[in-house]
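Scroll down for the structure; my scribbles are underneath it.
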Amino acid sequence: MRQKEGRTVGLYTKVTPEEKAVIDRKMSELGTANLRAYLRKMAVDGYIVNLDMSGVVEMVKLLRSISSNVNQIARRCNSTHNLYAQDVEDLRQGYAAVWRQIDELLKKFEKL
């Protein structure tokens with residue numbers, strides 16, 4: 001069965017318990033349980049990047065909220081022909097929250 005996969009050369013090595021613990025921790029962080037696939041991927045490619053996209057998800061939520069606020073304000077302006085200071089302040093706060101998220105995200109990318 002292994003010959004059908006094209007993998008006919010065996011590679012064998014031993015590690016210390018500490019090295020095995022590090023390998024297990026990195027596999028857990030990556031979310032994989034297949035040791036052979038993990039070791040093969042690391043040996044061939046040299047690195048695996050697992051991105052935490054929670055900041056992007058939060059930013060998308062904030063952008064949706066701002067978009068909804070802009071639509072509500074536009075409807076109110078069209079019906080009353082007035083723009084309220086509180087509406088402008090709500091938008092400023094929303095944009096400030098988005099920019100905070102963008103700054104945090106960029107800092108995380110810098111650490112990569």
Side-chain angles (χ1 to χ4, degrees):
M1 182 171 177
R2 291 284 179 213
Q3 287 182 340
K4 289 182 182 179
E5 293 178 3
R7 296 187 182 112
T8 59
V9 178
L11 298 176
Y12 306 98
T13 188
K14 290 187 177 188
V15 296
T16 66
E18 293 81 15
E19 290 170 331
K20 177 67 167 104
V22 170
I23 291 169
D24 290 342
R25 179 180 52 80
K26 288 183 177 184
M27 285 178 56
S28 176
E29 288 174 2
L30 190 60
T32 186
N34 187 334
L35 180 62
R36 288 181 181 182
Y38 173 79
L39 293 175
R40 196 168 34 249
K41 184 75 170 166
M42 291 301 293
V44 172
D45 293 340
Y47 64 92
I48 297 175
V49 176
N50 186 22
L51 295 177
D52 176 15
M53 300 299 284
S54 60
V56 174
V57 171
E58 181 63 26
M59 196 168 33
V60 168
K61 287 179 186 176
L62 289 170
L63 288 171
R64 284 183 181 146
S65 174
I66 290 171
S67 175
S68 175
N69 289 346
V70 168
N71 286 335
Q72 290 173 5
I73 291 168
R75 273 194 239 93
R76 191 177 318 144
C77 285
N78 286 334
S79 65
T80 65
H81 302 290
N82 290 323
L83 179 62
Y84 299 103
Q86 184 61 45
D87 292 337
V88 174
E89 184 57 30
D90 289 345
L91 289 176
R92 283 188 184 146
Q93 289 177 4
Y95 284 119
V98 168
W99 279 110
R100 280 193 300 273
Q101 286 292 323
I102 289 172
D103 279 344
E104 288 178 22
L105 190 62
L106 291 174
K107 287 176 185 174
K108 287 179 183 178
F109 284 141
E110 287 176 355
K111 293 179 183 177
L112 292 179

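Counting from 1, the numbers follow the sequence of the chain as shown. On a predicted model such as this, the values are computed, not experimentally measured, just so you know.
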Hey, could you give me the [atom1]/[atom2] distance between [X] and [Y], rounded to the nearest 0.5 Å?
X     : Y     : atom1 : atom2 : result
Asp90 : Ile73 : CG    : CD1   : 6.5 Å
Gln93 : Glu89 : CD    : CD    : 4.5 Å
Leu35 : Arg40 : CG    : CZ    : 10.0 Å
Met27 : Lys20 : CE    : NZ    : 6.5 Å

Legend entry - Closest non-hydrogen atom pair between Leu83 and Cys77, with its separation: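 Here Leu83 and Cys77 meet closest at CD1-SG, 3.6 Å.
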Inset, instruction - Would you indicate whether Arg25, at its atom CZ, is surrounded by more than 12 heavy atoms from other residues, nucleotides or ligands within a distance under 6.0 Å? - result: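 For Arg25, atom CZ is crowded (more than 12 foreign heavy atoms under 6.0 Å).
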Legend entry - Leu106 with Trp99, same ILVMFWY side-chain cluster at under 4.5 Å: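 Yes, one cluster joins them.
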Between side-chain atoms of residues 56-65 and protein atoms elsewhere (two or more places apart, or another chain), which donor-acceptor pairs fall under 3.5 Å?
none

Inset, instruction - Could you point out which residue of Leu30, Val22, Asp24 forms a side-chain contact (heavy atoms from CB on, under 4.5 Å) with Lys26? - result: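 Exactly one pass, corresponding to Val22.
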